[in-house]
Every structure is written in structure tokens, then in C-alpha cells.
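For reference, the structure is listed below as C-alpha cells.
On a predicted model such as this, the values are computed, not experimentally measured, just so you know.
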Amino acid sequence: MAVATMVSSAGGLLAMLNESHPQLKLHALSNLNKCVDFYWPEISTSVPIIESLYEDEEFDQHQRQLAALLVSKVFYYLGELNDSLSYALGAGSLFDVSGESDYVHTLLAKAIDEYASMKSKAAESNEAVEVDPRLEAIVERMLDKCINDGKYQQAMGISIECRRLDKLEESITRSDNVQGSLSYCINVSHSFVYRREYRHEVLRLLVNVHQKLPSPDYLSICQCLTFLDDPEAVVQILEKLLRSSQDDTLLAFQIAFDLVENEHQAFLLNVRDRFSVSKPQLVEATRPPSDSQDPGADVNMTDGSPTSDASPSQVDPFEATYAERVKKIRGILSGKTSIQLTLQFLYSHNKSDLLILKTIKQSVEMRNSVCHSATIYANAIMHAGTTVDTFLRENLDWLSRATNWAKFSATAGLGVIHRGHLHQGRSLMAPYLPQGGGSGGGSPYSEGGALYALGLIHANHGEGIKQFLRDSLRSTSVEFIQHGACLGLGLAALGTADEDIYDDIKSVLYTDSAVAGEAAGIGMGLLMVGTASEKAGEMLAYAHETQHEKIIRGLALGIALMVYGREEEADTLIEQMTRDQDPILRYGGMYALALAYRGTANNKAIRQLLHFAVSDVSDDVRRTAVLALGFVLYSEPEQTPRIVSLLSESYNPHVRYGAALAVGISCAGTGLSEAISLLEPLTSDVVDFVRQGALIAMAMVMVQTSEASDSRVGAFRRQLEKIILDKHEDTMSKMGAILASGILDAGGRNVTIRLLSKTKHDKVTAVVGLAVFSQFWYWYPLIYFISLAFSPTAFIGLNHNLKVPRFEFLSHAKPSLFEYPKPTTVPTTTSSVKLPTAILSTSIRAKARAKKEAENKANTEKTAVAEATYGTLSIGKGKSVADRDTDSMQVDSSQEKKSEPEPSFEILTNPARVVPTQEKFIKFLEESRYMPVKLAPSGFVLLKDLRPTEPEVLSLTDSPSSNASTTGGSTATGQQAPASAMAVDEEPQPPQPFEYTS
């Protein structure tokens with residue numbers, strides 16, 4: 001090192017390179033390597049000489065490697081990284097991968113990139129690409145160093161990037177936390193592996209590593225197997241767990257619920273149908289009759305039951321238990337259990353505010369059919385899945401003014417309100433359905449709407465209704481009825497690729513009716529979603545033949561749905577559509593890009609969409625290209641506002657509209673601050689339809705966000721009210737405000753929009769629902785497809801019988817952050833609502849005191865535990881009406897209350913509303929009787945009972961179906977409407993504080 005510090009020039013050392021004696025050359029090379037960082041500009045003039053030394057075969061191997069290392073460093077400083085890497089490879093072991101210099105780090109990154117791109121090319125072209133063994137050696141040395149230094153995640157990342165699955169397995173198995181490493185790899189493969197085929201290879205390896213562990217994580221394995229589309233392996237795991245202990249059975253049920261959340265109908269039915277039915281048949285005679293009432297019961301399991309002389313002694317009790325478990329798991333996999341429980345939850349927790357709808361209805365002019373229809377859509381969305389149709393029943397006169405397609409939409413809206421009412425869906429819609437042999441004398445618009453409604457009720461779970469819809473489609477030639485039947489069939493048989501149904505819908509398409517043909521195109525896409533079937537070719541051919549724009553548009557969307565999730569496999573078809581001369585097919589190409597690469601954040605897809613967004617001649621194509629970014633990016637919502645921020649300021653209103661909806665789709669339900677900031681200026685854009693898109697998108701982003709967590713939510717609600725009440729506002733933006741009001745309070749204020757399940761799977765139904773919903777630009781009845789993206793914000797804990805036991809758990813955050821919005825009040829001057837009967841506050845207080853004393857006695861023990869753990873208790877959601885009344889009537893005490901600090905947590909009771917941002921605050925109490933099988937803060941959670949001998953108190957025992965009735969031609973469900981319908985027995989709130997002036 002002395003030479004490097006003493007010399008002021010490298011000239012002397014460079015002169016030595018021309019000496020004939022090898023030792024002098026070696027001395028020069030060694031010292032030049034030490035001082036190259038300082039004298040590289042001088043050394044660069046002698047590069048040809050040093051290169052010739054490297055190439056001289058008579059020279060000693062070590063000296064040649066030294067020359068290569070020196071040239072590599074000089075080229076590095078000159079910025080010639082390719083040449084630098086080439087010579088670094090020649091330096092062999094002298095290129096030290098453990099070096100900490102910028103030179104080493106830069107060249108290692110370059111080497112890994114080079115190696116990864118060669119391996120990728122080889123895989124993509126299916127041809128052998130020769131990789132320089134010296135390059136491979138450097139990458140291997142790097143990987144070994146990472147593993148030996150304990151940098152396992154780094155090693156896993158490099159292994160995945162370089163397609164070295166052998167090294168990936170080694171880094172996982174040698175890591176100190178194998179389970180954690182496997183979870184990390186699963187996340188990395190979803191986020192960073194852009195080729196579907198290779199992602200499957202990685203997941204297959206992870207499954208194999210998982211299964212070799214002493215205690216495998218079956219939840220993760222089954223999620224991987226879903227991606228790999230391997231129902232057989234899932235069934236093997238579930239059968240193994242069901243034949244084991246009760247705890248393992250709970251785990252099997254949890255896996256089944258997690259699989260159902262991914263919404264892959266064809267896969268779930270495949271798993272369900274592989275469960276052997278013969279064993280349950282053995283024990284049919286000995287099962288107690290009460291079990292048939294189980295929410296997990298499967299209706300199709302009684303075929304071939306034994307003759308009545310089968311006695312209990314002939315049946316193995318273990319097999320009987322197993323049969324019962326199989327029956328339950330089949331019920332879960334068919335979706336019936338979760339649908340039934342969700343329906344009960346949404347019904348019992350419904351908090352929709354009918355006053356908002358009344359205000360909208362009163363402010364909308366009857367002549368304005370667009371706003372009249374929008375109000376009907378808003379009501380359906382607001383009550384989606386709650387089965388509460390009070391508003392419709394109270395406004396039959398007003399509703400009856402709907403004509404033609406508005407009548408179609410009004411009837412179809414019942415399907416959204418009663419979504420999931422599988423057992424009674426058909427009887428609920430009976431008054432409107434075509435009566436045998438085509439139209440039954442009613443309005444064909446209503447009949448078409450009723451068939452569409454049946455599809456919405458049975459969306460993704462259409463086994464019980466498919467045949468009826470097929471018969472209805474075959475027996476009519478009325479295009480309005482065909483339109484509804486095609487949409488209904490597509491929804492009910494979503495993704496099942498049923499050939500017979502496809503042929504039925506295709507025959508409607510070939511009648512070349514514009515109205516029926518559009519729905520047929522969409523219906524075929526829904527039926528074949530994600531199959532990448534060759535039928536896309538014949539649909540494309542027909543789109544070129546027909547003259548009807550509506551049919552071409554329906555087919556364009558249908559083809560896009562077919563390539564859902566197929567990524568690079570769909571590239572040829574996408575290329576064909578995006579180069580088409582017809583702008584409608586190019587528009588379909590944008591949707592094909594969006595759905596093929598949904599949620600992958602794939603750079604290539606984003607680049608293509610941005611290219612079309614700024615270069616296509618058609619406004620429709622440009623708008624859709626920007627909107628499509630929302631689908632590609634929903635797995636990384638925080639990226640979207642950044643990517644579309646410039647587009648949101650475009651001179652072209654179509655591009656601005658697309659930017660608004662892109663943000664609405666990808667940031668739906670997140671309440672993301674950047675998304676709200678981007679949308680705010682667009683809600684007061686100069687162009688009416690841009691305002692409409694921005695209002696709808698803002699509602700999608702803000703759904704389930706409380707005013708306490710973002711004050712802009714309150715401002716937005718006031719803005720919507722102002723737009724709706726403004727007589728001079730444009731119809732388009734008024735319609736946007738009405739729809740936004742519905743979306744903001746969707747599902748009785750108990751649902752959000754979720755495109756990813758908690759296990760990072762894309763929720764097929766939800767993504768498809770939003771894709772078709774975004775078509776409402778051309779056809780308003782498609783607005784109802786947004787209900788497919790609704791996901792209940794519920795924590796529903798279940799015991800081994802799949803019942804909902806009542807128990808308490810904790811939300812460790814201020815209650816105001818996640819509370820329901822305050823109900824709106826009627827302005828006193830224009831109040832036409834009958835005031836509730838006055839009740840003396842003294843009698844209420846007396847009642848409340850008595851009730852409280854009883855409750856306090858029971859809860860002292862639980863409260864003490866909670867207080868010891870978390871501090872002062874808040875009053876939870878179980879506050880009685882009497883308690884609330886006392887609060888509101890005692891003006892003095894309410895002011896005292898305001899000065900009290902808000903508690904830092906609240907106690908929730910199973911089942912409870914838990915919004916997405918609240919999930920990280922959910923904790924189980926230490927003394928709780930129930931513990932979850934897996935730590936999940938929301939959704940369906942299976943619970944271990946730690947005190948099984950004690951009696952259980954159950955929740956959700958009453959079903960909304962028990963009091964369904966039909967009144968005056970309009971379906972009326974749940975006369976005992978939840979308090980939300982409008983709590984008539986509550987006393988009015990005290991007036992707000994005000995200053996008195998004379």
C-alpha cells in the first residue's frame with residue numbers, strides 16, 4: 001500500500017509494463033490495482049497494453065487475471081459497464097464478491113441482471129441459451145455468500161430473479177425461520193414474478209418444501225394449490241385434516257372459508273365434488289334430524305341413503321363423525337354457509353339511512369328519468385345484500401312511473417338488495433318473472449329485469465337457478481327478456497365454462513338483435529371468464545361481421561373477460577385487438593390488457609396502456625386505456641395516483657374521466673389520502689361527465705372511511721347533498737352524486753369494495769364486477785355489477801358446528817375512528833316526518849338504571865380483566881336504545897361527557913363490523929373462552945372453544961328469510977326492519993349549542 005500513498009503519478013508503474021521481465025510486470029499490475037481508484041484517468045491511456053497482457057497465453061494465469069481485474073476497474077470508472085463486467089469475469093477468483101466497494105456492488109448487480117435476463121430469455125423462447133460459466137460462477141459465489149452470512153431473504157430474492165430454484169430451496173431450508181421464509185417467498189412471487197408460468201414453478205417448489213416440514217402450514221399450502229389450480233391436492237389435505245382431531249377439523253373449515261373468499265367458482269366446485277359422498281350415505285339413517293338445520297348443510301347429499309332397517313350398531317361412529325364433517329365442508333365450499341351467514345349479518349347490522357334517499361327523491365324532478373333511475377340504483381346499492389326494501393315499498397307510486405328500460409332497471413335492483421338469498425330468490429322475484437311460454441302478459445322490460453335480478457341474486461353460485469334461466473332464454477324471442485336472461489345466465493354460471501349454456505347464448509347472438517346481442521357478448525365472456533378459450537376467435541370474427549355497434553361492444557368486453565388473468569398467454573389476442581381498425585375492438589383490447597394483467601402491476605402492460613392513453617385517435621380508447629390502469633395496479637394502490645397524476649390534468653376530458661375511475665378502482669375502500677387529493681379538483685371539473693366520474697370514484701375510495709379518520713369524508717357528503725339539491729346542476733353530475741351517495745353507504749354501511757382477498761388472491765367476481773360496471777358509460781343497467789365487488793366488513797367467529805357464539809373481543813383504537821356515520825336529521829322548518837312520542841326522561845332513566853345494574857353485575861368480571869389489560873373501558877356497540885335516549889335527553893350530562901377524554905379502545909361482540917383500517921387494532925382478550933384457529937382480524941374465523949363444557953350463547957340465529965313476504969307486487973322482506981330503517985322510538989336529539997343575540 002506504501003507505493004499507492006507515496007507516488008504522485010502512475011507513469012512509472014505503467015512504464016514497467018513494457019519491461020520484458022515477468023516479475024516487473026507482476027509488480028506493476030499489483031500496484032496499479034491498488035492505486036487505480038486515484039489514477040484511472042492516467043491508466044486508461046495504457047488499456048491496450050494491459051489488455052494484451054491479459055490475452056498473452058504465455059503469461060502466468062494469476063498475472064492474466066490481475067490484468068483483467070485492472071482493465072475491468074478502469075472500464076468501470078469510464079462508465080463502460082458491459083466491458084467492465086466482461087473483464088471482471090476474466091479475473092476469476094480475484095474478483096472478490098465480498099468486497100464492499102461501489103465497484104464490486106455495481107458489477108455484482110450488473111452480473112445478476114445479465115444472468116437473470118439470459119435465464120429468462122431461455123425460458124421464454126424455449127431454446128437453450130448458452131450462459132458464460134464464469135458469469136454463473138460469480139452468481140453462485142454471491143448466493144453462497146448470502147446464505148453463509150445469514151442474509152436469507154437477499155438470497156431468496158436473487159434466486160427467484162435468476163431462476164435458480166435449487167438455490168431458492170437451499171436458502172429456505174437453511175434459514176432460521178422456514179415458515180417465515182416460505183411466506184416471504186409467496187409474497188415475492190406474487191409481487192415480483194411477472195411471468196405466470198414461472199410463478200407457478202416457484203409456487204410448486206414452495207408447496208413441496210412446505211410439505212416436507214414436520215408441521216406444514218396447510219393454510220398457505222392450499223392457497224398455493226389454488227394458484228396452481230390443483231383441486232386434487234387440496235382435497236387430499238382437507239380429507240386428512242377432517243379424519244384427524246377436532247382442532248384439525250376447525251383448520252380444514254378455515255381453509256375452506258379462505259378458499260371461498262377467493263371466489264374461483266369452478267375451482268371450488270371441483271374441490272367440493274371430489275369429496276366422496278358414499279360415506280355420508282352410510283350414516284344417513286342414524287343422523288339426528290336437527291343437524292339438517294345446520295347452515296353448513298348441503299342439500300344434494302341424500303341420494304341413495306340406506307334403507308330404514310340400518311341400525312346404529314352397523315355404523316362406525318368415527319365414520320359418522322367424518323361424514324358429518326364432510327357434509328359441513330361441502331356446504332362451505334359450495335358457498336352456501338358463508339352466503340347465509342353474510343346475509344344474516346348484513347340484515348341484522350343494517351344501518352342505512354332512509355332519510356338520504358328521501359332527500360334525493362324529493363329533490364329529483366320527475367321529468368328527469370336519468371336521476372329517477374339513478375335514485376333507484378342508489379337505493380339498491382345502499383341496501384345491497386340486506387334484503388331490506390322498505391324504500392321501494394313506501395314509494396310504489398313514485399316507482400311505478402318508471403317506463404321501458406327504467407322498469408327493467410327497477411326490477412333488476414331487487415336482485416342487488418336480495419343478493420345471496422339463494423333459497424328464496426326465485427319466489428321473491430316470482431311476481432315479475434315470465435310465466436311459462438315466454439312473456440306472461442306482464443311488461444317484457446320487467447320480465448327481463450327479473451331474470452337479470454336472478455343472476456345478481458345467484459351471482460357466482462348459480463347451480464340452483466341455471467336451468468330455469470336457460471329455459472326462460474330458450475322460450476322467448478323478445479329481445480328485452482333475452483337481454484336480461486343472457487346477463488342473468490352469465491352471472492349465475494360465472495367462470496364455469498358450461499358448453500351448453502354457451503351454445504344457448506350464442507344462438508341469441510346470431511339473431512343479430514342489437515339489444516339482445518350486446519348482453520349475449522357480455523354473457524359469453526362472464527361464462528368463459530379466465531378460460532382463454534379458442535371461442536374468443538369466433539367471437540372476434542362475428543364482431544367483424546355484424547353492423548351493430550352494441551353487439552361489437554358486448555363482444556369486445558366478452559373477449560376481454562375470457563383472457564382474465566392469463567397474462568402473457570393473452571398477448572397475441574391483445575395485439576390483434578389493439579391493432580384493429582375498429583375503435584370499439586381497440587377499446588376491448590384495453591379491457592383485455594386490464595383483465596389479463598389484473599393486479600400484477602406489470603411494467604409492460606402499464607407502458608402499453610400509457611402509450612394508448614396519449615396516442616390513440618379515439619377518445620373512447622384513450623379513456624378506457626387510462627381507466628384500465630386501475631385494474632393493473634390494484635395490488636399496489638399507492639402507485640396509481642402517482643402514475644395518473646399528469647393524465648388527470650390532461651386537456652382531454654375523456655382522459656381526465658379515465659384517470660378518476662382508475663384511482664377509484666385501484667384505491668377502492670382504502671381511503672388513501674393521495675387518491676382523495678387527486679380526485680378533489682376533478683369533482684369540480686368544468687366538464688359534467690368528468691365530475692360524474694370523480695364523484696363516483698371518490699365514493700369508491702371513501703367507502704367505510706369515517707369522518708374522524710379523514711375530515712374530507714364529511715366535506716364530501718355535504719358536497720354530494722349540495723349537488724343533489726341544486727336545481728341548476730347538470731344531469732350528469734347529479735347522477736354521479738346520487739350514485740356516489742349509494743356507494744358511500746353501500747350494503748347498509750357494512751360493506752367495502754375489495755379486489756384482493758386477505759391471502760392476496762384476486763377476487764374474480766369483484767374484479768369482473770367492476771370491469772362490467774365501468775361499462776355503464778354506454779348502458780346504465782350495468783351499474784348493478786358494482787354489487788359483485790362488495791365485501792362485508794365483518795368479523796364472524798364460528799364454532800365447530802359453524803354456529804356464531806356470542807363473545808367479546810377488543811378494538812384497541814378510539815371508537816370514533818371506526819364508527820358508523822351519524823344519521824341525518826330532518827330540518828325542523830320543512831319537517832314532514834311525524835315526531836316520535838315523547839317519553840319522560842325520568843322514567844327512561846329509572847328503566848336504564850335497573851337494566852344497567854343487572855348488566856353490570858354480569859359484566860364486572862370481564863370488565864375487570866379488560867381494564868387490567870387495556871385501561872378504562874368504553875361503552876361498546878351493545879349500548880341499548882334506553883341508554884342512548886338518556887344520553888340525548890340529559891343536556892347537562894352530555895356536556896359533561898364531552899369534556900371526558902375518549903376511551904382508547906372499545907369492546908366488540910361477535911359478530912361485529914370491523915372495517916379494513918381497523919383490522920390491525922383487533923385483539924383477543926386474554927381470558928376469552930374462544931381463540932382463533934388462525935390470527936385473522938376479519939372475515940370468517942374458526943374458533944377453538946377453551947371451555948367446551950359450558951353452555952354457549954349464539955348470535956345470528958334469526959334469518960331474514962323467515963319473515964319475507966310480497967306486498968302489492970313489490971317484494972317486501974323483513975317487516976321487523978333493523979333500527980336503521982328509521983328508529984321511530986328514539987327521542988329527538990337536543991339542539992346544537994348556539995349563541996343567543998337579541
Side-chain angles (χ1 to χ4, degrees), residues 557 560 586-616 618-683 685 687 689-703 736 739-740 743 753-756 762 766-777 785-786 789:
L557 182 63
R586 290 204 302 281
Y587 157 95
M590 298 306 109
Y591 273 107
L593 256 170
L595 294 174
Y597 289 96
R598 83 281 162 275
T600 58
N602 184 295
N603 287 329
K604 185 182 77 169
I606 293 169
R607 271 200 306 275
Q608 272 183 283
L609 289 169
L610 288 171
H611 167 71
F612 283 105
V614 294
S615 66
D616 202 278
S618 159
D619 279 340
D620 284 353
V621 177
R622 294 181 65 179
R623 181 184 70 245
T624 315
V626 185
L627 181 151
L629 288 166
F631 288 103
V632 178
L633 285 164
Y634 66 71
S635 58
E636 296 179 15
E638 53 291 333
Q639 299 271 20
T640 316
R642 189 175 56 78
I643 288 176
V644 303
S645 62
L646 281 175
L647 296 167
S648 72
E649 295 165 15
S650 164
Y651 71 93
N652 185 327
H654 288 266
V655 172
R656 297 201 298 275
Y657 176 95
L661 273 191
V663 170
I665 289 162
S666 70
C667 305
T670 61
L672 198 68
S673 182
E674 296 86 339
I676 296 172
S677 304
L678 182 137
L679 290 169
E680 263 179 333
L682 293 174
T683 59
D685 195 275
V687 179
F689 67 77
V690 177
R691 293 200 294 279
Q692 181 195 71
L695 292 169
I696 290 171
M698 186 77 99
M700 289 166 77
V701 174
M702 284 183 173
V703 65
L739 289 176
I743 294 167
I753 296 174
R754 261 206 176 113
L755 299 184
L756 276 179
D762 51 307
V767 180
V768 166
L770 278 192
V772 182
F773 160 74
S774 62
Q775 291 281 303
F776 79 84
W777 176 278
F785 270 82
I786 195 173

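Across all non-hydrogen atoms, the minimal contact from Tyr591 to Ser774 is OH-OG, 2.7 Å. The shortest non-hydrogen separation linking Val621 to Met590 is O-CG, 3.8 Å. Contact record, Gly588 with Ala560: O-CB, 3.8 Å, taken as the closest heavy-atom pair.
To the nearest 0.5 Å, atoms CD1 (Ile696) and CG (Leu661) are separated by 6.5 Å. Rounding to the nearest 0.5 Å gives a distance of 6.5 Å between CD1 of Ile743 and CE of Met700. We find the CG-CD distance between Leu627 and Gln775 to be 9.5 Å, quoted to the nearest 0.5 Å.
Every side-chain contact (heavy atoms from CB on, under 4.5 Å) that Pro653 has, sequence neighbours left out, goes to Arg656, Val687, Phe689, Val690. Residues passing the salt bridge (charged side-chain N to carboxylate O under 4.0 Å, His left out) test with Arg598 are Asp762, sequence neighbours excluded. In this view, Ala594 and Ala628, Phe631 satisfy the side-chain contact (heavy atoms from CB on, under 4.5 Å) rule, not counting sequence neighbours. Looking at residues two or more places apart in sequence or on another chain, you find a side-chain contact (heavy atoms from CB on, under 4.5 Å) between Thr683 and Ala694, Leu695, Met698, Gln719.
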Can you give each donor-acceptor pair under 3.5 Å made by side-chain atoms of residues 662-671, sequence neighbours left out, with the distance rounded to 0.1 Å?
from   : atom 1 : to     : atom 2 : distance (Å)
Ser666 : OG     : Thr640 : OG1    : 2.7
Ser666 : OG     : Ala662 : O      : 3.2
Thr670 : OG1    : Cys667 : O      : 2.6
Thr670 : OG1    : Leu672 : N      : 3.2

Identify all side-chain donor-acceptor contacts of residues 603-615 below 3.5 Å with residues at least two apart in sequence or on another chain.
from   : atom 1 : to     : atom 2 : distance (Å)
Lys604 : NZ     : Asp571 : OD2    : 2.6
Lys604 : NZ     : Tyr597 : OH     : 3.3
Ser615 : OG     : His611 : O      : 2.6

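Leu595 places none of its side-chain heavy atoms less than 4.5 Å from the side chain of Val768. Contact check for Asn652 versus Arg622: side-chain heavy atoms found under the 4.5 Å cut-off.
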Verdict with reasoning, Val632 to Leu593, per side-chain contact (heavy atoms from CB on, under 4.5 Å): CA-CA 8 Å; Val632 178; Leu593 256 170; 6.0 Å; no

Pair Val626-Tyr657, side-chain contact (heavy atoms from CB on, under 4.5 Å): steps then yes or no: CA-CA 9 Å; Val626 185; Tyr657 176 95; over 6 Å; no

Residues His654, Trp777; criterion side-chain contact (heavy atoms from CB on, under 4.5 Å); working and verdict: CA-CA 11 Å; His654 288 266; Trp777 176 278; 3.7 Å; yes

Audit row: Ile676, Leu679, side-chain contact (heavy atoms from CB on, under 4.5 Å) steps and yes/no: CA-CA 5 Å; Ile676 296 172; Leu679 290 169; 5.9 Å; no

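Between Phe776 and Phe773, the ring planes lie tilted relative to each other; the angle falls in the 30° to 60° range.
Under the side chain to side chain contact (heavy atoms under 4.5 Å, CB included) rule, Arg586 has a single partner from Asp616, Asp620, Thr624, which is Asp616.
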